[in-house]
Amino acid sequence: VQYIRVWWTQCSYHFKVSSKLILFRKLKSLFAQKSPELKRFEKRLQYTFGNTYYLEKSITHRSIQNHHAGNYERLEFLGDAIIDQVVSNWLFKKYPQSDEGILTKKRSSLVNRNFLSMLGRNLKVMDVVRIEQSVNTKDPKVIANISADVYEAIVGAIYLDGGFHEASKFINKTLCLSKHLEGEDQ
């Protein structure tokens, strides 16, 4: 850790602050102890967490009462707000001639349980969610709700770990550039 601090100080003259933060987060993640399962999940996300706490919290269901990281509900709340902002901005730029009513309809078609659930399932969040066996994970409605909730929680976790820019990049990759939106330009 001491070597990282010295290196960090020396880098301050050569890199912008945002570049330094990204480098520091990557270096920190190299020393973080993560299970192979979490490392594989980060590859699917195409995002490496500097603080594993946020990742663990984003995949922990409320049925796990005594988990040290808590559960994903507060991150879900935060992620929902960030998704709204990023998608609103993206739609505003993508459809410059559209009025507020059309943009609102387009946003509501993207930021809804079904679409977010599909994104969560694409990321295979159910493979990593920490959940009590008593929760019926065979029920498609339960799976859909948890998948959507975890997608939003992951956005919140990325925001807290890497900032708005990283969360925005993740949303753009997974939601705004989704192959399921092709042909939606009408």
Side-chain angles (χ1 to χ4, degrees), residues 4 8 15-62 64 67-94 107 110-131 144-181:
I4 292 174
W8 180 259
F15 296 108
K16 293 188 299 185
V17 173
S18 62
S19 298
K20 281 178 34 180
L21 289 174
I22 292 168
L23 284 170
F24 184 70
R25 192 172 45 78
K26 293 238 186 244
L27 275 174
K28 186 177 172 188
S29 73
L30 291 174
F31 296 101
Q33 293 186 352
K34 296 178 192 169
S35 69
E37 175 188 49
L38 288 182
K39 288 180 181 179
R40 284 190 301 273
F41 187 57
E42 285 181 326
K43 282 186 179 180
R44 279 199 306 265
L45 296 177
Q46 297 177 12
Y47 180 81
T48 302
F49 281 85
N51 189 340
T52 306
Y53 169 81
Y54 296 124
L55 174 59
E56 289 179 5
K57 190 170 186 166
S58 74
I59 60 171
T60 302
H61 188 264
R62 70 175 171 209
I64 306 289
H67 193 270
H68 69 279
N71 67 53
Y72 60 65
E73 290 176 339
R74 287 173 51 85
L75 288 173
E76 175 190 351
F77 167 79
L78 181 60
D80 179 54
I82 295 164
I83 291 167
D84 269 350
Q85 182 180 5
V86 170
V87 170
S88 295
N89 185 47
W90 177 71
L91 290 170
F92 187 82
K93 290 176 180 175
K94 184 172 174 76
R107 183 182 60 207
L110 295 174
V111 185
N112 67 58
R113 303 299 286 165
N114 292 333
F115 194 70
L116 296 178
S117 173
M118 186 260 317
L119 295 174
R121 286 192 308 269
N122 287 348
L123 294 170
K124 299 179 178 142
V125 298
M126 292 304 293
D127 292 352
V128 295
V129 169
R130 295 174 178 157
I131 193 166
N145 283 333
I146 293 172
S147 295
D149 293 348
V150 171
Y151 178 84
E152 290 175 324
I154 289 168
V155 170
I158 291 172
Y159 170 76
L160 291 175
D161 185 67
F164 183 79
H165 178 72
E166 291 296 324
S168 182
K169 277 180 19 182
F170 176 76
I171 295 165
N172 280 309
K173 275 189 302 201
T174 58
L175 193 154
C176 298
L177 300 178
S178 172
K179 63 184 173 197
H180 299 281
L181 295 180

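From a predicted model like this one, the values you see are computed outputs, not experimental measurements. Counting from 1, the numbers follow the sequence of the chain as shown.
To the nearest 0.5 Å, atoms NZ (Lys34) and CG (Leu55) are separated by 7.0 Å. Distance check: Lys57 NZ to Arg130 CZ gives 13.0 Å after rounding to the nearest 0.5 Å. The CG atom of Leu75 lies 6.0 Å from the CG atom of Leu160; values are rounded to the nearest 0.5 Å. Interatomic distance, NZ of Lys94 versus CG of Asn89, reported as 13.5 Å (0.5 Å rounding). A distance of 9.5 Å separates OG in Ser117 from CG in Asn112, rounded to the nearest 0.5 Å. Atom CZ of Arg107 sits about 12.5 Å away from atom CD1 of Ile83, to the nearest 0.5 Å.
Checked against side-chain contact (heavy atoms from CB on, under 4.5 Å), Ser35 has the following partners two or more places apart in sequence or in another chain: Glu37, Leu38.
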### Query
Does the pair Asn71 and Ile64 meet the rule for a side-chain contact (heavy atoms from CB on, under 4.5 Å), with working shown?
CA-CA 7 Å; Asn71 67 53; Ile64 306 289; over 6 Å; no

CA sep, side-chain torsions, deciding dist, call: Leu123, Leu119, side-chain contact (heavy atoms from CB on, under 4.5 Å) = CA-CA 6 Å; Leu123 294 170; Leu119 295 174; 5.6 Å; no

task = Start with the C-alpha distance between Ile158 and Phe49, add both sets of side-chain angles, then the distance that settles side-chain contact (heavy atoms from CB on, under 4.5 Å), and finish with yes or no.
result = CA-CA 7 Å; Ile158 291 172; Phe49 281 85; 3.6 Å; yes

| query | Passes side-chain contact (heavy atoms from CB on, under 4.5 Å), Met118 versus Phe115? Steps please. | reply | CA-CA 5 Å; Met118 186 260 317; Phe115 194 70; 3.3 Å; yes

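When all heavy atoms of Ser58 and Tyr72 are compared, the pair lying nearest together is O-CB, 3.5 Å. Between Gly156 and Leu78, the shortest heavy-atom distance links the atoms O-CD2, 4.0 Å.
Atom CZ of Arg74 has 12 or fewer heavy atoms from other residues, nucleotides or ligands within 6.0 Å. Under a cut-off of 6.0 angstrom, the local environment of CZ in Phe41 is crowded, with over 12 non-hydrogen atoms contributed by other residues, nucleotides or ligands. Within a 6.0 Å radius of CZ in Phe77, no more than 12 heavy atoms belonging to other residues, nucleotides or ligands are found.
With Asn51 contributing its side chain and Asp161 its backbone, the two residues share no donor-acceptor pair below 3.5 Å. Side-chain N or O atoms of Lys173 include one that pairs as donor or acceptor with a backbone N or O of Gln46 at under 3.5 Å.
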Side chains of residues 146-155: which donor-acceptor partners sit under 3.5 Å, not counting sequence neighbours?
{"from": "Ser147", "atom 1": "OG", "to": "Ile143", "atom 2": "O", "distance (Å)": "2.8"}
{"from": "Asp149", "atom 1": "OD1", "to": "Arg113", "atom 2": "NH1", "distance (Å)": "3.0"}
{"from": "Asp149", "atom 1": "OD1", "to": "Arg113", "atom 2": "NH2", "distance (Å)": "2.3"}
{"from": "Tyr151", "atom 1": "OH", "to": "Thr174", "atom 2": "OG1", "distance (Å)": "2.6"}

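Residue pairs satisfying the side-chain hydrogen bond (donor to acceptor under 3.5 Å, both in side chains) criterion with at least one member in residues 76-85, sequence neighbours excluded, are absent.
Counting heavy atoms from C-beta outward, Asp127 and Arg40 have side chains that stay 4.5 Å or more apart.
Using a cut-off of 4.0 Å between Lys/Arg side-chain N and Asp/Glu carboxylate O, Lys39 and Glu42 are scored as not salt-bridged.
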